[in-house]
Protein chains: 2
Amino acid sequence: MQLSGSQFGQISMNPAVLKVSRKQQKEETRQRLIDAAAGALASGRSFDTLSLREVAKLAGIAPTSFYRHFHDMERLGLAMIEEQGESLLELMHRVREQASGGTSLIRASVETLFDHIGDNQGISRMILQESMARESAFREAAHGLLVTLSADLAEFLVWDAKERGVPVAYPRLASNATVAILFTTGIALFNTPAEHRQAHIEATIIQLRMLMRGAEAMAPSK
Amino acid sequence: MQLSGSQFGQISMNPAVLKVSRKQQKEETRQRLIDAAAGALASGRSFDTLSLREVAKLAGIAPTSFYRHFHDMERLGLAMIEEQGESLLELMHRVREQASGGTSLIRASVETLFDHIGDNQGISRMILQESMARESAFREAAHGLLVTLSADLAEFLVWDAKERGVPVAYPRLASNATVAILFTTGIALFNTPAEHRQAHIEATIIQLRMLMRGAEAMAPSK
DNA sequence: CAGTTGTGCGTACATATGTACGCTGAATTT
DNA sequence: AAATTCAGCGTACATATGTACGCACAACTG
């Protein structure tokens, strides 16, 4: 235990430069809790073996101080999912805008998403695992995020199909399957030795193209 | 706490009919532990919040007696995965044999698998969740089972393609994606109101057909 | 039939967990 | 300047967990 002069030892006291407003300070601690949990998840722990005390310790606060930020661990988890959801959705939109039309889009999406999952392994794994949990607010949130991603993709597929003049059958089912494949293999990637990863990425791309080809082949007329 | 005359109160003492051999008895208790854990999983608990003590209590034995059967909870989990793996593999083989050729095979497989997952919700969910966990003997086993199922399916796809004279590209990738879709939606099915389930099943079938159409479309010549 | 084996039991303990309670002192408001 | 707010702390406790230890007694072995 380090002894600090004050309970706020980690905060610079420079009076002019740092206006440590209360709101600011609270937000910072809150983020520290989230990061602590994410770190624990990233190093292999599962969310529901994570204890309030442990997260508090990792974040450098007293166990009871946890309650100043979240009512319980579930709320922490919900906050994490929400945060992740926003950045993920935004990220995928950006990729679609940037990618030049056509096939390179699948590749760009896969690579971007996998990078993101890699940078946020812990939370990504948690979302996927929780999305398969039993009914609960927690599952609801995780599952909801995946559904949103899927719906978003479906919308894009329809637009893109119209754009290219190639009809696509069952866009929602196609996007749904896409998300399933993406996340499943995305997570698996991190139990894979680095030298095989590129191969896995290529494999995923082929799988998605396969799916798209099928969706186009099943389209009604032509 | 019920008081039983002996510590083995639950065992009938009928001397002639029941030869309660030690091995038999032990096997029975072991199974009772597995069933207890499976039951807890099925009613929504996640495997790693399951405590040794709790499982022991559910199985009706003293906590310390647990050790007579498994060295720790992880071993219990491994045993469960192994058991499930065997019956699952056998089941899928049987479906393929029975199903008359052609498209009805996909339907038969999906329906059979979903029934099986339904009857073994707890373990199925556990396998899927653990397959996404961090490196560990446990993950290895769960992931291994999915890989086996996938490889098995790939083998069949190749055979079936030859049989029907329709070439299929990347059978291993196709089967891999199939397993991803199947389990993902299979699990999701049980957070779905009963009246929507059939629709989900039909959706899954379409997704798999979509994938197969794509795989065929991507085949080299024809 | 005597001796051994091994599944089951209860007790005991060190450790971990969630959370109630009340205090402190800086930031904010009045 | 005085009063209020509130993020943080430590203490305390009831409960849960894994597991060491040794006893009991049915089943098995000889």
Side-chain angles (χ1 to χ4, degrees), chain A residues 1-34 36-37 40 45-77, chain B residues 1-34 36-37 40 45-77:
Chain A
M1 299 292 119
Q2 62 177 11
L3 286 184
S4 50
S6 117
Q7 338 176 0
F8 297 86
Q10 65 272 37
I11 295 156
S12 155
M13 282 303 169
N14 189 320
V17 179
L18 281 178
K19 288 216 314 192
V20 274
S21 87
R22 262 227 199 107
K23 276 206 167 165
Q24 213 170 83
Q25 178 59 30
K26 181 166 186 178
E27 177 53 32
E28 226 164 84
T29 311
R30 184 190 139 102
Q31 196 58 48
R32 216 151 9 101
L33 281 168
I34 290 183
R45 303 287 306 279
S46 89
F47 185 81
D48 45 27
T49 64
L50 227 53
S51 73
L52 180 158
R53 285 179 109 105
E54 189 179 358
V55 174
K57 185 177 285 180
L58 286 172
I61 66 174
T64 47
S65 298
F66 180 96
Y67 296 112
R68 303 287 185 204
H69 303 275
F70 301 100
H71 180 265
D72 55 24
M73 282 296 290
E74 183 175 88
R75 301 300 180 89
L76 209 203
Chain B
M1 297 297 119
Q2 64 178 12
L3 286 184
S4 49
S6 123
Q7 338 178 359
F8 297 85
Q10 67 272 38
I11 295 156
S12 156
M13 281 306 169
N14 188 320
V17 178
L18 280 177
K19 287 217 314 192
V20 274
S21 86
R22 259 222 199 114
K23 277 204 166 165
Q24 213 171 80
Q25 178 60 29
K26 180 166 187 178
E27 178 53 32
E28 225 164 85
T29 311
R30 184 189 140 101
Q31 196 58 46
R32 213 149 13 100
L33 281 168
I34 291 183
R45 304 287 306 280
S46 90
F47 185 82
D48 44 29
T49 63
L50 226 52
S51 73
L52 181 157
R53 284 180 109 104
E54 190 178 357
V55 175
K57 185 177 286 181
L58 286 172
I61 66 174
T64 48
S65 297
F66 181 95
Y67 297 112
R68 304 287 185 203
H69 303 275
F70 301 101
H71 181 265
D72 54 23
M73 282 297 289
E74 183 175 89
R75 300 301 179 89
L76 207 203

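We use all heavy atoms of the structure for the numbers below, so side chains are in, but hydrogens, waters and symmetry mates are not. The chains referred to below are lettered A, B, ... by the order of the sequence lines, with proteins before strands, and numbering in each begins at 1. The structure displayed is predicted, hence computed values, not measured ones.
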How long is the line joining [atom1] of [X] and [atom2] of [N], in whole Å?
| X | N | atom1 | atom2 | answer |
| --- | --- | --- | --- | --- |
| Gln25(B) | dC28(D) | CD | C1' | 14 Å |
| Gln31(B) | dT7(C) | CD | C1' | 17 Å |
| Glu28(A) | dG8(D) | CD | C1' | 14 Å |
| Lys26(B) | dC28(D) | NZ | P | 13 Å |
| Gln24(B) | dG8(C) | CD | C1' | 17 Å |
| Arg68(A) | dC21(C) | CZ | P | 13 Å |
| Leu33(A) | dA7(D) | CG | C1' | 12 Å |
| His69(A) | dC9(D) | NE2 | C1' | 12 Å |

For Phe47(B) and Met73(B) the tightest heavy-atom approach is CZ-O, 3.4 Å
- Quick one: closest heavy-atom pair of Leu50(B) and Ala40(B), and the distance?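 So the minimum-distance heavy-atom pair works out to CD1-CB, 3.6 Å.
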Interatomic distance, CD@Gln24(B) vs OG1@Thr29(B), rounded to 0.5 Å, equals 11.0 Å
Sequence neighbours excluded, the answer for side-chain contact (heavy atoms from CB on, under 4.5 Å) partners of Glu27(B) is Arg30(B), Gln31(B)
Could you list the donor-acceptor pairs under 3.5 angstrom formed between side-chain atoms of residues 53-62 of chain B and any protein atom two or more places apart in sequence or on another chain?
unit_1, atom_1, unit_2, atom_2, d
Glu54(B), OE1, Arg45(B), NH1, 3.3
Glu54(B), OE1, Arg45(B), NH2, 3.2
Glu54(B), OE2, Arg45(B), NH1, 2.4

Write down the protein N/O and nucleotide N/O pairs, taken from nucleotides 28-30 of chain C, whose separation is under 3.5 Å; answer none if there are no such pairs.
unit_1, atom_1, unit_2, atom_2, d
dT28(C), OP1, Arg22(A), N, 2.6

message = Angle between the end axes of the helix from dC1(C)-dG30(D) to dT30(C)-dA1(D), five pairs per end, to the nearest 10 degrees?
response =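 The two end axes of the helix from dC1(C)-dG30(D) to dT30(C)-dA1(D) meet at 20°.
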Output all residues satisfying side-chain hydrogen bond (donor to acceptor under 3.5 Å, both in side chains) with [X], sequence neighbours left out; order by chain, then residue number.
| X | value |
| --- | --- |
| Glu28(B) | none |
| Ser46(A) | Asp48(A), Asp48(B) |
| Glu74(A) | none |

Any side-chain heavy-atom pair of Tyr67(A) and Leu52(A) under 4.5 Å: yes
Counting primed atoms, P, OP1 and OP2 as sugar-phosphate and everything else as base, the B/S/- map of nucleotides 11-19 of chain C against protein heavy atoms under 4.0 Å is -B----BBB
